[in-house]
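One structure below.
Both counts, for ligands and for their atoms, begin at 1 and track the order of listing.
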Amino acid sequence: MGTYLITGATGGIGAAVAGQLRDRGHDLILTGRSPQRLNELARTLRTGAHARTQLMRQGGGPDPDADGPGLRAVVLDLAEPRRLEARLAEEGLPERLDGVIHTAGFVHLGTVDDLEADDWITHMSVNLVSAAELTRLLLPALRAASGDVVFVNSTAGLRANPRWSAYAASKAGLRALADALRAEEPALRVTTLFPGRTATEMQQRVRAQEDKPYDPSDFVSPLTIAKVLVAALEAPTDATVAEVTIRPRQ
Ligand SMILES: NC(=O)c1ccc[n+]([C@@H]2O[C@H](COP(=O)([O-])OP(=O)(O)OC[C@H]3O[C@@H](n4cnc5c(N)ncnc54)[C@H](OP(=O)(O)O)[C@@H]3O)[C@@H](O)[C@H]2O)c1
């Protein structure tokens with residue numbers, strides 16, 4: 001069984017990925033901003049359908065109850081990429097990591113006329129700079145396992161629509177990060193997923209900002225995104241699933 005670190009584990013897509021990986025018996029390092037949400041997720045994974053008997057791993061999460069066999073919770077604020085190195089040093093992460101899955105993300109819609117420097121800085125910090133910095137810090141552990149790096153991008157990373165400039169620019173940058181990393185680190189497998197609109201809290205917030213109703217059945221389920229992501233992780237080792245686009249079925 002492997003060990004995977006998931007950013008944005010408390011979000012719709014991240015939690016679905018955590019559930020899929022836990023079902024397969026993998027050890028998980030769950031990261032997010034909120035200790036409460038992390039603890040809740042860890043409890044669900046530990047006591048629900050995902051519960052598994054696994055070897056005890058080292059502790060160190062926000063709440064001792066959140067840690068346990070095969071699960072560890074680590075609070076990371078990705079809006080502060082300069083602090084990640086010290087945070088990871090405090091946590092003492094594993095020397096071997098089978099994969100890092102970047103699902104954390106931030107979006108706030110606005111025209112170029114509306115968006116201020118702080119809006120741009122938050123998009124870039126959370127969606128791009130922290131993904132690069134975290135990957136850099138985890139590279140030795142990933143190399144040790146010939147691991148996978150998965151970036152949950154967005155179809156907005158392929159095409160910027162009005163009011164999406166900051167988010168789309170951060171996601172276009174994330175694709176560039178993935179492409180360069182894939183070429184630089186041939187021992188690793190690097191995958192970018194481009195989901196279209198997906199039924200999560202983020203999409204609920206986006207619909208509110210667009211002044212449109214939110215009906216989850218209009219969008220892809222986060223479980224579907226998680227299943228595609230895990231299929232990429234489980235692809236035979238002679239191949240890399242480099243890029244996948246997933247759109248809601250019309
Ligand atoms: N939903 C969609 O329609 C859609 C479509 C295409 C791509 N995506 C991408 O899919 C990924 C997952 O999104 P989602 O739909 O699952 O959204 P979500 O439910 O809102 O989850 C977002 C996750 O990102 C975390 N996060 C946000 N800001 C953070 C920060 N400063 N530091 C650390 N973690 C932070 C959140 O943590 P907290 O619990 O602390 O808030 C949460 O775990 C994102 O990268 C998003 O851009 C989503």
Side-chain angles (χ1 to χ4, degrees), residues 5-20 28-42 44 62 66 73-84 87-88 100-109 118-119 121-131 133-134 150-161 164 166-175 177-178 191-210 212 214-226 228-229 243-248:
L5 184 146
I6 306 172
T7 74
T10 50
I13 293 175
V17 171
Q20 289 294 298
L28 302 180
I29 301 167
L30 309 166
T31 81
R33 267 178 311 187
S34 153
Q36 289 75 20
R37 294 190 80 181
L38 282 171
N39 294 338
E40 217 172 282
L41 173 66
T44 306
V74 173
V75 174
L76 288 182
D77 186 351
L78 303 180
E80 305 276 1
R82 289 191 185 90
R83 297 198 184 155
L84 288 177
R87 277 292 298 129
L88 291 195
V100 57
I101 297 152
H102 297 279
T103 78
F106 168 81
V107 62
H108 177 75
L109 303 188
D118 279 344
D119 297 314
I121 288 167
T122 305
H123 280 93
M124 291 296 163
S125 297
V126 176
N127 296 351
L128 175 59
V129 181
S130 282
E133 177 65 350
L134 199 55
V150 181
F151 296 97
V152 177
N153 200 301
S154 165
T155 50
L158 300 170
R159 179 197 152 124
N161 287 315
W164 287 80
Y167 178 79
S170 68
K171 293 293 192 178
L174 193 64
R175 185 192 204 181
L177 165 63
T191 299
T192 292
L193 293 193
F194 298 100
R197 292 183 187 246
T198 304
T200 68
E201 284 178 19
M202 175 182 280
Q203 190 54 233
Q204 243 172 302
R205 288 191 297 272
V206 165
R207 296 296 281 179
Q209 287 176 43
E210 292 175 327
K212 288 185 180 157
Y214 173 74
D215 178 350
S217 66
D218 289 341
F219 308 120
V220 181
S221 150
L223 182 60
T224 301
I225 304 295
V228 173
L229 190 156
E243 294 193 336
V244 185
T245 300
I246 309 142
R247 295 180 190 276

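Residue F106 places no N or O, backbone or side chain, under 3.5 Å from any N or O of ligand 1. Remark: ligand 1 and S154 share no N or O pair separated by less than 3.5 Å (distance only, no angle test). The shortest N or O to N or O distance between G105 and ligand 1 is below 3.5 Å.
Taking atom 16 (O) of ligand 1 as the reference point, the nearest protein heavy-atom neighbour is I13 N, 2.9 Å. From the protein, the heavy atom lying nearest to atom 31 (N) of ligand 1 is D77 OD1, 2.9 Å.
In summary, the atoms of ligand 1 found under 4.0 Å from a heavy atom of L76, numbered by their order in the structure, are 32 (N), 33 (C).
By the side chain to side chain donor-acceptor pair (under 3.5 Å) test, R197 is found to be paired with Q203, E210, residues two or more places apart in sequence or in another chain being considered. H102 pairs by the side chain to side chain donor-acceptor pair (under 3.5 Å) definition with T135, not counting sequence neighbours.
Taking all heavy atoms of H102, M202, R37, R207 into account, the minimum distance to atom 17 (O) of ligand 1 is reached by M202. In this structure, of T31, T200, T10, the residue bringing a heavy atom nearest to atom 14 (P) of ligand 1 is T200. Among G8, A9, G11, the residue whose heavy atom lies closest to atom 21 (O) of ligand 1 is G11. Of all the listed residues (V152, V206, N153, T198), N153 holds the heavy atom that lies closest to atom 7 (C) of ligand 1. Of the candidates L78, V107, T103, the one placing a heavy atom closest to atom 11 (C) of ligand 1 is T103.
T7 does not count as a contact of ligand 1, since none of its heavy atoms falls under 4.0 Å from the ligand. Heavy-atom separations between P222 and ligand 1 are all 4.0 Å or longer. Within the 4.0 Å heavy-atom shell around ligand 1 one finds R205.
Within the 4.0 Å heavy-atom criterion, the part of V126 lying near ligand 1 is the side chain and not the backbone. Using a 4.0 Å cut-off between heavy atoms, F194 makes no contact with ligand 1 at all.
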